[in-house]
J.: 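Right, I'll just put the structure down here and ask away after.
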Amino acid sequence: MGRIAGVTAAETRERLLQAAAEVFAERGYDGTRVADIAAAAGVSNGALYAHFGSKAELLVAALRAHGRQLLASLFAADPDRSVTDLLLAIGRWLPRRRDAPRHLIVEALVAARRDADVARPMRDYVGERTDWIAELVRVAQSDGELDPALSPEALAHFCLLLSMGSALIPPDLHAVDDAEWSALLTRVVGALIPPTPSPHTERSPRSESTS
């Protein structure tokens with residue numbers, strides 16, 4: 001069982017990523033063999049290693065690919081969505097998440113604590129996610145959506161903690177009312193917008209002309 005006839009290298013890679021997400025979710029990182037993923041994708045071990053150097057690399061690649069799919073779908077739904085609306089949309093979805101990335105994040109975080117081969121690509125992955133969110137924050141700050149006094153890196157770290165924490169606490173362990181969660185997020189985001197200048201701190205044109 002080698003390369004499937006009529007299937008391109010890109011399609012084979014996609015099959016492997018999908019199979020990896022499913023097998024890791026079912027068996028866990030430690031309980032999964034490379035041969036299990038290859039068999040689920042319908043390719044040989046050699047075909048798998050032609051695309052990925054190790055099981056650890058495949059785990060993080062699957063996590064990265066599924067994360068991009070979510071972001072792409074959100075942008076496709078509304079390309080003109082503001083950054084604050086995008087963050088709210090992601091935040092509202094977090095408590096209800098039952099997606100493949102949730103299982104992958106849990107497996108990757110646990111494996112990274114024990115396996116240096118997982119820790120290295122996971123460090124790169126977390127860095128990419130943090131940089132991406134921080135850049136969104138900077139865009140929102142330049143557009144006047146978010147307070148420019150905020151640290152983009154600190155806010156990105158906060159968002160990352162929420163995202164990864166939601167993977168560890170799925171709805172079947174603890175559910176939250178959608179309306180209540182949305183109201184809380186709206187309050188949190190509202191606290192991040194630029195402060196409105198107080199009229200008492202602004203000088204009127206008359207006072208300026210007489211000073």
Side-chain angles (χ1 to χ4, degrees), residues 14-41 52 55-78 81 84-115 117-119 121-130 132-133 136 155-192:
E14 183 60 33
R15 288 170 70 108
L16 286 166
L17 291 172
Q18 184 60 43
E22 294 170 357
V23 178
F24 283 135
E26 179 184 351
R27 305 186 185 185
Y29 179 76
D30 289 337
T32 296
R33 301 173 304 162
V34 167
D36 299 328
I37 298 172
F52 303 100
K55 184 173 73 168
E57 182 183 330
L58 184 49
L59 171 65
V60 179
L63 179 59
R64 185 179 284 112
H66 282 81
R68 282 198 299 262
Q69 289 173 7
L70 168 65
L71 296 173
S73 64
L74 287 172
F75 278 117
D78 185 0
R81 186 195 300 261
T84 51
D85 283 346
L86 177 64
L87 293 176
L88 280 171
I90 295 173
R92 293 188 184 107
W93 165 80
L94 289 177
R96 304 191 305 273
R97 65 185 306 179
R98 298 180 182 272
D99 58 334
R102 177 173 69 84
H103 300 289
L104 292 171
I105 288 172
V106 172
E107 291 300 326
L109 289 175
V110 172
R113 291 183 60 86
R114 300 191 299 259
D115 189 335
D117 289 338
V118 181
M122 267 302 286
R123 192 175 298 111
D124 293 339
Y125 171 78
V126 171
E128 291 169 12
R129 295 293 88 193
T130 304
W132 183 82
I133 298 172
L136 277 184
L155 185 51
H157 187 73
F158 174 74
C159 292
L160 203 63
L161 289 178
L162 281 179
S163 176
M164 293 193 170
S166 71
L168 295 169
I169 306 177
D172 54 334
L173 286 184
H174 185 269
V176 63
D177 181 80
D178 286 348
E180 293 175 350
W181 178 250
S182 180
L184 175 62
L185 287 177
T186 301
R187 290 282 295 272
V188 171
V189 172
L192 303 178

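Positions are given from 1 along the sequence.
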J.: For the pair Arg81 (side chain) and Leu86 (backbone), establish whether a donor and an acceptor sit closer than 3.5 Å, ignoring hydrogens and angles.
T.: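 Checked: no pair found.
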J.: Side chains of Glu14 and Gln18: donor-acceptor distance under 3.5 Å anywhere?
T.: no
J.: Would you give the length of the straight line joining atom CH2 of Trp132 to atom SG of Cys159, rounded to the nearest 0.5 angstrom?
T.: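 Trp132 atom CH2 to Cys159 atom SG measures 9.5 Å (nearest 0.5 Å).
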J.: Judged by atom type as modelled, is there a donor-acceptor pair below 3.5 Å linking the side chain of Trp181 to the main-chain atoms of Leu94?
T.: no
J.: One thing to verify: whether Asp178 and Arg92 come together as a salt bridge, which I'm taking to mean a side-chain N less than 4.0 angstrom from a carboxylate O.
T.: no
J.: Can you tell if the side chain of Arg64 reaches within under 4.5 Å of the side chain of Arg129, non-hydrogen atoms only?
T.: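 A side-chain contact is absent here, since even the closest heavy-atom pair is not under 4.5 Å.
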J.: For the pair Glu26 and His103, evaluate side chain to side chain contact (heavy atoms under 4.5 Å, CB included) and give the outcome as yes or no after the intermediate values.
T.: CA-CA 9 Å; Glu26 179 184 351; His103 300 289; over 6 Å; no
J.: Got a second to check how far Thr130's OG1 is from Leu155's CG, nearest 0.5 Å?
T.: 11.0 Å
J.: Is the shortest heavy-atom distance from the side chain of Val110 to the side chain of Tyr29 under 4.5 Å?
T.: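 With C-beta onward as the side chain, the pair stays apart.
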J.: So among Asp85, Leu88, Leu87, which one has a side-chain contact (heavy atoms from CB on, under 4.5 Å) with Val189?
T.: Leu88
J.: Would you check if Val106 and Leu168 make a side-chain contact, meaning some heavy-atom pair closer than 4.5 Å?
T.: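 Heavy-atom side-chain distance check passes, below 4.5 Å.
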J.: Is any side-chain heavy atom of Ile37 closer than 4.5 Å to one of Phe24?
T.: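 In contact.
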J.: Ignoring hydrogens, what is the shortest heavy-atom contact between Ala119 and Ala112? Give both atom names and the distance.
T.: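 In terms of heavy atoms, the two residues are closest at CB-O, 3.5 Å.
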J.: As an exercise, state the distance from NE2 of His157 to CG of Leu162, rounded to the nearest 0.5 Å.
T.: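 Answer for the NE2-CG pair, His157 versus Leu162, is 10.5 Å.
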J.: To the nearest 0.5 Å, what is the distance between CD (Glu22) and CG (Leu104)?
T.: 10.5 Å
J.: Should Arg33 and Val23 be marked as a side chain to side chain contact (heavy atoms under 4.5 Å, CB included) after you check the CA-CA gap, both sets of side-chain angles, and the distance that decides it?
T.: CA-CA 9 Å; Arg33 301 173 304 162; Val23 178; over 6 Å; no
J.: Of Leu58, Leu17, Ile105, which meets side-chain contact (heavy atoms from CB on, under 4.5 Å) against Leu63?
T.: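 Output: one option passes, namely Ile105.
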J.: Who pairs with Thr32 by side chain to side chain donor-acceptor pair (under 3.5 Å), at least two apart in sequence or on another chain?
T.: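 Per chain and number, Thr32 pairs via side chain to side chain donor-acceptor pair (under 3.5 Å) with no residue.
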J.: Under a 4.5 Å cut-off applied to non-hydrogen side-chain atoms, are Pro121 and Glu57 in contact?
T.: no
J.: Could you report the tightest heavy-atom contact between Ala41 and Leu16, atom names first, then the distance?
T.: CB-CD2, 3.7 Å
J.: Any heavy-atom pair between the side chains of Asp30 and Arg114 that's under 4.5 Å?
T.: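 Yes, their side chains come closer than 4.5 Å.
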J.: Does Ile169 CD1 have over 12 foreign heavy atoms under 6.0 Å away?
T.: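 Counting neighbours around CD1 of Ile169, 12 or fewer heavy atoms of other residues, nucleotides or ligands fall under 6.0 Å, so no.
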J.: To the nearest 0.5 Å, what is the distance between CG on Asp115 and CG on Leu59?
T.: 9.5 Å
J.: What closest approach, in Å, do Pro170 and Arg102 show between heavy atoms, and which atom pair accounts for it?
T.: CB-NH1, 3.4 Å
